[in-house]
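Remember, it's 1-based here, ligands and their atoms both numbered in the order they're listed.
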Amino acid sequence: MRTPLFQRIKRWAPGSAAAVLLSSFLLAACGENSPSVLNTAGPVAQDESSVFWVILVIAVIVFVLVEGALVYSIFHFRERPGMEGVAPKQIHGNTRLEMLWTIAPMIILFIVLFFTIRGLFQVAPDAEPKSANTVTVEVDAHQWWWGFYYPKYNIETADTLHVPANTDIHVDLYSNNVIHSFWVPALFGKTDVIPGHNNTKWFSADSSAVGKEYLGLCAEYCGTQHGNMRFSVHVDSADQFQSWVTQQQQAAAKPANGSLAAQGQKIFQAQCTTCHGIVGVDINSPSAVQDYAQACDDPNAKCRVGPNLTHFGSRSLIAGGVLTNNKESCDPNDPNLLKDCNLAQWLNDPQGVKPGNDMQIGSLSQNQIKSLVAYLEGLQ
Ligand code: CUA
């Protein structure tokens with residue numbers, strides 16, 4: 001015998017309600033700090049999220065109409081006592097209905113198509129505003145970290161991209177290894193970074209974003225540490241950006257003679273220069289830096305494997321965002337330096353922190369790590 005409909009509903013309802021509740025708790029965990037394409041901080045992301053909202057509204061209307069018709073039919077035309085074996089009214093071959101449910105979805109899909117295409121054109125490279133105060137950034141995708149080079153200012157940084165608010169940022173995307181995808185959910189959608197095919201994109205950040213830092217991600221599987229290929233975008237006011245640029249244009253700070261940091265610089269020069277550049281130490285400013293950035297675009301040229309560390313101490317992330325640069329916990333005299341200071345942790349065991357990365361250094365002694373921390377965190 002078939003269980004009556006209402007009893008079946010009774011049986012499933014508690015489980016379904018629990019599942020809905022649980023999922024809303026899980027989604028609630030996505031707090032303010034997790035990146036969202038709906039928490040937009042610039043016009044490109046806004047255009048993209050408005051496509052989402054248009055499609056969502058249309059989908060909700062269609063859902064309510066279709067499910068409403070379904071639920072109405074289930075209850076209104078259900079089998080009642082004494083109706084066993086009576087066939088419902090047949091409407092097969094009703095031309096008007098057939099036309100209606102062919103044409104209505106067509107119209108709806110054309111509306112969706114219109115907004116989608118409009119959105120594509122709004123954010124396309126061709127739509128980049130032609131203004132004088134554009135800042136160009138060359139983005140070099142490595143396995144697994146991001147390098148940022150500003151040709152106009154001849155400066156290079158990694159892991160943290162600084163941009164001025166209310167300014168169009170033109171981005172050139174380069175990779176000499178595998179395909180990556182450049183994405184800052186709050187600012188712009190994903191664009192692939194393809195070896196041999198240099199994509200461009202543009203975005204800008206609202207003035208309300210000044211002082212905030214937005215998480216960026218690699219959105220194309222690119223190897224074991226794809227999930228740890230993060231970066232951040234720090235939005236500055238025009239003045240803040242200018243002073244950041246001026247600071248980044250300086251050669252690296254020279255540590256005082258005989259200091260711990262001076263020992264750190266010696267260790268750097270002996271062990272790290274094959275992969276890392278520091279302006280004023282092992283590379284000359286500024287053209288060497290420029291060659292370095294452009295070499296990464298050419299698969300045959302020698303491109304330094306590791307980030308430019310000239311102003312390492314001013315960055316907020318380490319090693320492709322796998323760690324934060326918590327320099328306040330990096331007092332070289334801290335007996336627990338290896339535990340407290342993320343840079344020390346990284347220098348002590350880079351393969352343990354981020355297995356498979358290119359940092360292959362022989363093991364450093366505690367004292368060497370201490371000096372390197374003192375040196376690198378001092379590079380403001
Ligand atoms: Cu780079 Cu995924």
Which pairs pass disulfide bond (SG atoms under 2.5 Å apart) with one or both residues in residues 305-380, sequence neighbours excluded?
Cys330-Cys341
Would you call the rings of Trp244 and His162 parallel, tilted or perpendicular, taking 30° and 60° as the class edges?
parallel
Give me the ring orientation class for Tyr150 and Phe241: parallel if the planes are under 30° apart, tilted from 30 to 60°, perpendicular past 60°.
tilted
Given a threshold of 2.8 Å, state how many protein N/O/S atoms are nearer than that to atom 2 (Cu) of ligand 1.
4
Heavy-atom closest pair, residues Lys354 and Gly320
NZ-CA, 3.8 Å
Answer with yes or no whether the side chains of Thr40 and Glu48 bring together a donor and an acceptor at under 3.5 Å.
no
Using 30° and 60° as the class boundaries, would you call the ring planes of Phe231 and Phe182 parallel, tilted or perpendicular?
parallel
